[in-house]
Protein chains: 2
Amino acid sequence: MERHPKHLPADERRLATVESVIELAAAQNPSEITTAAIASHMRVTQGALFRHFLNKEAIWQAAMEWVAERLLARVDRAAAGIESPLAALEAMFMSHVEFVVEHPGVPRMMFGELQRAEPTPAKRMVQTLIQRYGVRLHRLLEQGKACGELSSGLDVEAAATLFVGTIQGLVMQSMLAGEVGRIRRDAPRVFAIYERGLRSTQ
Amino acid sequence: MERHPKHLPADERRLATVESVIELAAAQNPSEITTAAIASHMRVTQGALFRHFLNKEAIWQAAMEWVAERLLARVDRAAAGIESPLAALEAMFMSHVEFVVEHPGVPRMMFGELQRAEPTPAKRMVQTLIQRYGVRLHRLLEQGKACGELSSGLDVEAAATLFVGTIQGLVMQSMLAGEVGRIRRDAPRVFAIYERGLRSTQ
DNA sequence: TAAGATAGTAAGTACTCACTCACTATTGCG
DNA sequence: CGCAATAGTGAGTGAGTACTTACTATCTTA
């Protein structure tokens, strides 16, 4: 069982490249990840990368596609089959947090990509990811209002912004402390306050 | 009245340099701001910078000191003399938001600096800024609990994390839309939900 | 007003980056 | 097996980076 076979079929090599980027982003500033670092992390020379990707930008685009697919699939799976919209929101929140703890580089990559001035393909990928994420939030929040679980006067747009910000705040806090594990501990405590802001008072 | 006098005393040149960095960060990825870009923005050759700063890192450190001073002074001024802790929190929130709208590059710089692997002087500056910010939040939140304005069971640490995250969420949303003005519009709506999560139910 | 101190210029240097290309090793199929 | 297609190597290249240095312009003050 060879851990690092020299030759890989193109699609496997592309996947390995993307996974290398995600792993490297967990430990260092994503914008400082060089093609040389990616290549050496997967025990291949730098030139080999450009046999599978047109340029560095294409690598980032593929990485953000990887993220979008997995993150949306995971939160969808977590929320599926849960009756209560509020409970579904919580499940979505916790599975998102779990994803971030597993891949701490991901929020950094997304934030870094968003603040690019030029609309790179990777940036557009992040934008559509967040937009699709927002659709799911809106749906659940509206359902919650409809069934009386959430406050009837709830500002759904603001609640969606705050949902994302809540996770962003956890990420920021974990970067301050320098340990990702904190996120898992703090997530339920922070969500509790968020939830309290949404609930209908009865 | 000359807008760009060739010769400036050292301290004025240093201030102009820092302000250039803040302005440039409003329009582009902070980690892509080169010394050449800073110099040309202030109509000076690149070499002139290194007469006033030891290296690029020192420029960033000075920039983060500038931020820390102004941001803390502003939120302190906003909260000063307000009786109700909750109202003080809101004033602090709104003045912070106003600061971010005036200097949209600042949150990007802070986030970018935090995710550095190495503990640069600038990174440490951001860490102490956020820590000092946290002290203020804790104080107000505890006061709010004591006077009965906030829920007696409130998790103060989580509430502080969420406060920062709330602003972070607004920043993220404005980067998505590509217009900073949104922040000002959305801030009260998002804060309303946050506040609802803190308040004591009576 | 002369001269020393201060601030800015212009042309460098060494280095790192993304990307290329001629060549070689491996793989899989007729 | 033989050979064509595929994947990887290693030594480039040029552009862009932070930083240096020898020189010059401008300010300040005795």
Side-chain angles (χ1 to χ4, degrees), chain A residues 1-21 24-25 28-64 109 112-113 116-118 120-123, chain B residues 1-21 24-25 28-64 109 112-113 116-118 120-123:
Chain A
M1 176 172 171
E2 176 82 18
R3 290 301 291 138
H4 295 292
K6 309 271 142 75
H7 278 243
L8 282 184
D11 51 349
E12 286 181 34
R13 179 58 75 201
R14 273 192 295 269
L15 179 61
T17 306
V18 165
E19 286 173 346
S20 286
V21 170
L24 286 169
Q28 74 185 267
N29 196 333
S31 71
E32 285 170 13
I33 296 174
T34 65
T35 53
I38 300 169
S40 87
H41 183 264
M42 55 202 285
R43 309 207 187 261
V44 139
T45 59
Q46 198 196 7
L49 291 186
F50 296 95
R51 192 166 295 283
H52 302 290
F53 295 93
L54 209 63
N55 48 35
K56 195 189 184 185
E57 196 169 277
I59 298 178
W60 279 86
Q61 185 185 357
M64 295 321 306
M109 292 170 63
E113 212 51 43
R116 283 234 137 71
E118 342 76 74
T120 65
K123 178 176 178 177
Chain B
M1 177 172 171
E2 176 82 19
R3 289 304 289 139
H4 295 291
K6 309 272 142 76
H7 277 244
L8 282 184
D11 49 352
E12 286 181 34
R13 180 58 75 201
R14 272 193 294 271
L15 179 60
T17 306
V18 164
E19 286 173 346
S20 286
V21 170
L24 286 169
Q28 73 187 267
N29 195 331
S31 71
E32 285 170 12
I33 296 174
T34 65
T35 54
I38 300 169
S40 86
H41 184 263
M42 55 202 285
R43 309 207 186 260
V44 140
T45 58
Q46 198 196 7
L49 290 186
F50 295 95
R51 190 166 296 283
H52 303 290
F53 295 92
L54 209 62
N55 48 34
K56 196 189 184 186
E57 195 168 278
I59 299 178
W60 278 86
Q61 184 184 358
M64 294 322 305
M109 291 171 62
E113 212 51 45
R116 282 233 138 72
E118 342 77 73
T120 65
K123 179 176 178 177

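In this text the structure is predicted, and so the values were computed from the model without any measurement. First the proteins, then the strands, lettered A, B, ... as listed; each starts at 1.
Residue A/Leu49 contributes atom CG, which lies 17 Å from atom P of C/dC21 at whole-angstrom precision. C/dA18 atom C1' lies 14 Å from atom CH2 of A/Trp60, rounded to whole Å. The CE-P distance, from B/Met42 to C/dT9, rounds to 10 Å in whole Å. A/Phe50 has its CZ atom 12 Å from the P atom of C/dC17, to the nearest Å. Rounding to whole angstrom units, CD of residue B/Glu32 and P of D/dA15 are separated by 19 Å. What separates CZ of B/Arg14 from P of C/dG8 is a distance of 11 Å, to the nearest Å.
B/Glu19 has its side chain out of reach of B/Met42: every pair of non-hydrogen atoms, C-beta onward, lies at least 4.5 Å apart. The shortest distance between side-chain heavy atoms of A/Val18 and A/Arg14 does not fall below 4.5 Å. The closest side-chain heavy-atom distance from A/Trp60 to A/Thr120 is not below 4.5 Å.
Listed pair A/Lys56 / C/dA18 meets the phosphate criterion, a side-chain N or O lying under 4.0 Å from OP1 or OP2. Not one side-chain nitrogen or oxygen of B/Arg13 sits closer than 4.0 Å to the OP1 or OP2 atom of C/dT6. Contact annotation: B/His7 does not reach the phosphate of D/dT28 (side-chain N/O to OP1 or OP2, under 4.0 Å). The shortest distance between the side-chain N/O atoms of B/His52 and the OP1/OP2 oxygens of C/dG8 is below 4.0 Å. The phosphate of C/dG8 (OP1 or OP2) has no side-chain N or O of B/Thr45 nearer than 4.0 angstrom.
With C/dG8, C/dA18, D/dA7 as the candidates, the nucleotide lying closest to the side chain of A/Thr35 is C/dA18. For B/Ala10, the side-chain atoms get nearest to C/dA7 when compared with the rest of C/dA7, C/dT9, D/dA18. Distances from the side chain of A/Gln46 to the nucleotides D/dT9, D/dT17, C/dA18 place C/dA18 closest.
Nearer the 5' end of DNA chain D, as judged by each residue's closest nucleotide, is the contact made by B/Asn55, out of B/Asn55 and B/Arg51.
Of the inter-residue distances, the one linking A/His41 atom NE2 with A/Thr34 atom OG1 reads 12.0 Å to the nearest 0.5 angstrom.
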